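Predicted model, so just to flag it, every value in this text is computed and none were measured. The sequence lines fix the lettering, A, B, ..., with proteins before strands; numbering per chain opens at 1.
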Protein chains: 2
Amino acid sequence: MPSLLQGAMEDLIKVFYSYSGKEGDKYKLNKMELKNMLQEELSLKEGSYDSAEVEKVMSSLDENQDGEVDFQEFVVLVAALTMACNEFFIDFIKKQGSK
Amino acid sequence: MPSLLQGAMEDLIKVFYSYSGKEGDKYKLNKMELKNMLQEELSLKEGSYDSAEVEKVMSSLDENQDGEVDFQEFVVLVAALTMACNEFFIDFIKKQGSK
């Protein structure tokens, strides 16, 4: 039985390949796959952003500028999002504590 | 219902605080908390490494050299471990494919 941490790491790998494997290079997310992942995994509603914004996310992630997001670039995104969630979580706790 | 990615991010935060909150600064892992996490979350058997090795892991993670591992430093560890698992996973698949 994997630990909570091992399970979370496994899930990150599963999530990546469930989108990267759909078309083209199955080890990388192309723009459509990245857009699907942002929508389905991070609840970014269709229409709440346009393709120029997906383009912006893609180019900010795409460190090696090959037009796709590989697993390492994906993990950098997840790390940044998790740290942002953590900051929000700490602020929330500290505000609760000061009531 | 959180997505698989959201759930994994939540679990990373849960794991960190389930160890960091035990003693001292509840937002950081001290050496004992880091050791417990390595043992319990990454199945590193007691006796399979000595405290000098925990010290090495600690100092390699502890970017700001405050003697403790904060959430950002923890996420860097998780990212590196997940990327290593991913490399192993890709090699495994490629070897399967070439049989």
Side-chain angles (χ1 to χ4, degrees), chain A residues 1-21 25-29 33-45 57 61 63 69-94 96-97, chain B residues 1-21 25-29 33-45 57 61 63 69-94 96-97:
Chain A
M1 171 78 187
S3 69
L4 192 61
L5 179 57
Q6 289 165 334
M9 288 162 51
E10 264 174 55
D11 287 348
L12 292 180
I13 293 174
K14 273 185 210 158
V15 166
F16 180 80
Y17 287 102
S18 64
Y19 290 92
S20 71
D25 184 336
K26 61 180 183 186
Y27 298 117
K28 293 182 181 175
L29 295 169
E33 291 165 335
L34 174 65
K35 185 178 171 194
N36 289 339
M37 190 196 72
L38 294 174
Q39 275 177 347
E40 292 163 26
E41 294 295 325
L42 299 173
S43 329
L44 290 181
K45 291 285 162 289
V57 171
L61 294 179
E63 242 179 77
V69 173
D70 62 28
F71 187 75
Q72 181 160 336
E73 293 160 345
F74 166 73
V75 167
V76 168
L77 167 67
V78 171
L81 291 173
T82 308
M83 279 188 273
C85 288
N86 180 61
E87 291 304 318
F88 180 79
F89 176 71
I90 292 179
D91 286 347
F92 178 77
I93 288 179
K94 286 183 175 169
Q96 293 297 93
Chain B
M1 171 74 184
S3 69
L4 192 61
L5 179 55
Q6 289 165 334
M9 289 163 51
E10 264 175 55
D11 287 348
L12 293 180
I13 293 174
K14 273 186 211 158
V15 167
F16 181 79
Y17 287 102
S18 65
Y19 291 92
S20 72
D25 184 337
K26 61 179 183 184
Y27 297 116
K28 293 182 181 177
L29 295 168
E33 291 165 335
L34 174 66
K35 187 179 171 194
N36 290 338
M37 189 197 73
L38 293 174
Q39 276 177 349
E40 292 163 24
E41 294 295 326
L42 298 174
S43 329
L44 289 182
K45 292 283 163 290
V57 171
L61 293 179
E63 243 179 75
V69 174
D70 62 28
F71 186 75
Q72 181 160 335
E73 293 160 345
F74 166 73
V75 167
V76 168
L77 168 67
V78 171
L81 290 173
T82 308
M83 279 188 272
C85 287
N86 180 62
E87 291 304 318
F88 180 79
F89 175 71
I90 291 178
D91 286 347
F92 179 76
I93 288 179
K94 285 183 176 168
Q96 294 295 94

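With chain B as the partner, the residue from Phe71(A), Tyr27(A), Phe74(A) showing the most heavy-atom pairs under 4.5 Å is Phe71(A). Ranked by heavy-atom pairs shorter than 4.5 Å toward chain B, the options Leu12(A), Asn86(A), Leu81(A) are led by Asn86(A). For the set Glu10(A), Gln72(A), Met37(A), Lys14(A), the entry with the most heavy-atom pairs within less than 4.5 Å of chain B is Gln72(A). Options Asp11(A), Val76(A), Val78(A), Leu4(A) differ in how many heavy-atom pairs under 4.5 Å they form with chain B, and the most are formed by Leu4(A).
For Glu40(A), the part lying under 4.5 angstrom from a heavy atom of chain B is the backbone only. Using a 4.5 Å cut-off between heavy atoms, Phe16(A) does not touch chain B at all. With a 4.5 Å cut-off on non-hydrogen atoms, Ile93(B) touches chain A through its side chain but not through its backbone.
Expressed to the nearest 0.5 Å, how far CG of Leu38(A) lies from CG of Leu5(B) amounts to 9.5 Å.
When side chains are defined from C-beta on, Ile90(A) counts as touching Tyr17(B), because their heavy atoms get closer than 4.5 Å.
Of all non-hydrogen atoms in Ser3(B) and Glu41(A), the two that sit nearest each other are OG-O, 2.6 Å. Considering all non-hydrogen atoms of both residues, Cys85(A) and Met9(B) come closest at SG-CE, 3.8 Å.
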